[in-house]
Amino acid sequence: MNTVATSLRIALVGNPNCGKTALFNRLTGAHQKVANYAGVTVERKEGRFVAPSGRVLQLLDLPGAYSLDAASPDEAITRDICEGRHPQEPAPDLIVCVADATNLRLHLRFVLELKRLGRPMVLALNMIDAANRRGIRVDVAALEAALGMPVVETVAVKQGGAAALVARLDAMPAPSAVPAGAPEGTTHRASGEHDDLHAQVRALLAATVTMPRATSATDDAIDAVVLHPVAGLAILAAVMFLIFQAVFSWAAPLQDAVSAAVAATGAWVGGLLASMPLLQSLVTDGIFAGLGTVLEFLPQILVLFLFILVLEESGYLPRAAFLLDKLMFKAGLTGRSFIPLLSSFACAIPGIMATRSIADPRDRLTTILVAPLMTCSARLPVYTLLIAAFIPRHAVLGVFNLQGVVLFTLYFAGIASALAVAWVIKRLRSDKSDHALIMELPSYRMPNPRDVAWGLWERAKIFLRRVGGILLALTVLLWFLSSFPAPPEGATQPPIDYSFAGHIGRWMTVVFAPIGFNWQICVALIPGLAAREVAVSSLATVYALSATGDGADAALGTAIAAQWSLATALSLLAWYVFAPQCMSTLAVIRRETNSWRNVWIAAGYLFGLAYLASFVTYQVARAMA
């Protein structure tokens, strides 16, 4: 039997910002599976690739970790798998540790910790091209001899940049049991061992690495401006403002194309079903009026994700967190909360999951509770619908789009509200402690187009999966409630007025009339609890079914602009700044905090804020009309 051809199970590990995930994407391409470990929200990414010899290599991309002394659930998963103690994963045959060649002082410490586990290892010196440009020289042969493991140079972002690693892995012997005398790995290590690791790192650097200066001159020059307490904040504000302007401007042509395609497809399918009126109504008034409307907002969501991915890949996000630490600390948070909160602009779920990097449990809980106030992408369909219908496309100061300014204001309202709620929580718990922020600032680098494109594709699939799953079911359910029972003989109102949905909506207006919501809005709020995106599709379904004559073909924006007052539109915008989050977010809060009490606190205070803001907005807008 050819032992070299035996498949190999590899654990890919490394510190955050080492290029590990880029290397994983380079090796596995489309052959990836993403899921969560059972019982936790830590992501599990597995892929495979075939080496030149035909050998199948299974690759497990583990969460980034700084140490085997786990300070977060992510690091605990990585530690347990590397030590072979995770109940859901077999022990890896080989550990590939990825280290940033420009920052070996930090990364070699983790390499030495992993080496003590006694498992077969390979060290991948990533970003070796960037190290060479900075004049950093690594004596690979000497480092390999000193560590007693293979050391390979890689450039994960370049085509062929992982060829040497693949060749080394292809030549690795068949998997065998860890030697009986190998250490098991422990969760806690004595402080003397940490001191010993630091001493070993210093000795390795002195013997194998030549470095003209500790930091990059380019990084230092950029940081002098980007991290300036005044200029840095101005740059960050400008970047955020650019993002919100681009969400409207850049996505408009793509939105028009999607809208035209959906309309044409709906008309064609509806024509095929002309002989079956009930089925035609389901397809055109239900599915296409609902899901089609949501699909039109996919370009805007992808533009938002594009900016987040580029900022993350470039190394700017950790600096923004550092820059905002003092301000956020005054509000009861720390700079580490910035990245989870920024992630919540895309979706509160990954934002809440990202709080696992916050070691202090009080700061983590506060961040979880305020994350839903960030304006997630699911709100964008509602915002853009109402802004396009009620806010004119006027120029502001001859440069800015008024619609973009309004969107920026809504985003800013979410941010300001999150800081205010965090400040209140800090005062309620009488927290006067000081939390120091210690974090790594990675080198600046040009975002890799392949990784950015891959990230956008993954997020588009997640969005479309939601549309094809829960939104489809809710849209069909809402169509049923809006279509049955049929109106009685001699009815003069639109059929939906006599339906289940019409009755439910009118019952709800008792509560929501003081904030200007009509019964159609009330109907849309119900499925909107499952996913905010579905509120727009619900409105489209309700108005398609309630319209008569030529109004049945009118665009949703035109319909609501004709039937709603400006005060009602502003009230609904205010509602969605604070609206109670979707059920998925509540479930993640439950899983992350292991507490139903925290779920009820989050849902209760968000509903209260939403109702109060809508009430004040509606009454003031009516008074000024």
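One is the number of the first residue; the rest follow in order along the sequence. Fair warning: this is a prediction, and the values are worked out from it, not measured in the lab.
- Between W457 and L302 the shortest side-chain heavy-atom distance does not fall below 4.5 Å.
- Remark: the backbone N or O of V166 is not paired with any side-chain donor or acceptor of D170 at under 3.5 angstrom.
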Take I95 and C82 through the test side-chain contact (heavy atoms from CB on, under 4.5 Å) and record every step on the way to the result.
CA-CA 7 Å; I95 294 175; C82 289; 4.1 Å; yes
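- For the side-chain contact (heavy atoms from CB on, under 4.5 Å) test, residues two or more places apart in sequence or in another chain that qualify with I235 are V225, V239, Y316.
- Listed by chain and residue number, S443 satisfy the side chain to side chain donor-acceptor pair (under 3.5 Å) test with D219 (two or more places apart in sequence, or in another chain).
- The distance from the CG atom of L57 to the CZ atom of F49 is 4.0 Å, given to the nearest 0.5 Å.
- Distance alone, capped at 3.5 Å, places no donor-acceptor pair between the S337 side chain and the L333 backbone.
- Of the inter-residue distances, the one linking R379 atom CZ with L573 atom CG reads 11.5 Å to the nearest 0.5 angstrom.
- Of all non-hydrogen atoms in P447 and V452, the two that sit nearest each other are CB-CG2, 4.1 Å.
- Taking the side chain to side chain donor-acceptor pair (under 3.5 Å) definition, one finds that T78 meets it with nothing, sequence neighbours left out.
- Counting heavy atoms from C-beta on, the side chains of R48 and L59 never come closer than 4.5 Å.
- Residues meeting the side-chain contact (heavy atoms from CB on, under 4.5 Å) test with E75, sequence neighbours left out: A65, Y66, A70, A71, S72.
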Run the numbers on T367 and L341 for side-chain contact (heavy atoms from CB on, under 4.5 Å), then give the verdict.
CA-CA 7 Å; T367 307; L341 293 180; 4.0 Å; yes
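- In this structure, N15 and D100 have side chains that are not in contact, with every pair of non-hydrogen atoms separated by 4.5 Å or more.
- Under the 4.5 Å side-chain criterion, counting only non-hydrogen atoms from C-beta, T21 is in contact with D61.
- Taking both residues in full, the closest heavy atoms of A602 and L369 are given as CB-CD2, 4.0 Å, listed atom of the first, atom of the second, then distance.
- Under the side chain to side chain donor-acceptor pair (under 3.5 Å) criterion, D220 pairs with R213, T215, sequence neighbours left out.
- Taking CE of M374 as the reference point, atom OH of Y411 lies at 11.0 Å (rounded to 0.5 Å).
- The shortest non-hydrogen separation linking L373 to F578 is CD2-CD2, 3.8 Å.
- Across every non-hydrogen atom of L62 and A11, the tightest pair is CD1-CB, 4.0 Å.
- Of the N and O atoms on the side chains of Q159 and R26, at least one donor lies less than 3.5 Å from an acceptor on the other residue.
- Here the closest heavy-atom approach between residue Q403 and residue I391 is recorded as NE2-O, 2.9 Å.
- Remark: R55 CZ to L8 CG distance equals 5.0 Å, nearest 0.5 Å.
- A heavy-atom distance below 4.5 Å is found between the side chains of V155 and I128.
- Proximity of I352 to P340: side-chain heavy atoms (C-beta onward) are nowhere separated by under 4.5 Å.
- Considering only heavy atoms from C-beta on, V577 stays 4.5 Å or farther from T375 through its side chain.
- Side-chain contact check for L125 versus V152: every heavy-atom pair is 4.5 Å or farther apart.
- Minimum interatomic distance between L456 and L309 (heavy atoms only, all atoms of both residues): N-CD1, 3.7 Å.
- In this structure, R319 contributes its side chain and G315 its backbone to a donor-acceptor pair below 3.5 Å.
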Verify side-chain contact (heavy atoms from CB on, under 4.5 Å) between L525 and W575, making sure each step is shown before the conclusion.
CA-CA 11 Å; L525 291 179; W575 172 271; 3.8 Å; yes
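- Taking NZ of K45 as the start and CG of L12 as the end, the distance is 10.0 Å to the nearest 0.5 Å.
- Judged by distance alone, with hydrogens and angles left aside, the side-chain atoms of N126 form no donor-acceptor pair with the main-chain N or O of K20 at under 3.5 Å.
- Taken from CD1 in I560 to CG in L572, the straight-line distance is 8.0 Å, to the nearest 0.5 Å.
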Go through V406 and Y383 one step at a time and tell me if the side-chain contact (heavy atoms from CB on, under 4.5 Å) criterion holds.
CA-CA 9 Å; V406 173; Y383 284 174; over 6 Å; no
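- Looking at R9, its side chain never comes within 3.5 Å of a backbone N or O of L60 through a donor-acceptor pair.
- Legend: residues meeting ring pair (Phe, Tyr, Trp, His ring centres under 6.0 Å) with F390, ordered by chain and number and at least two apart, are absent.
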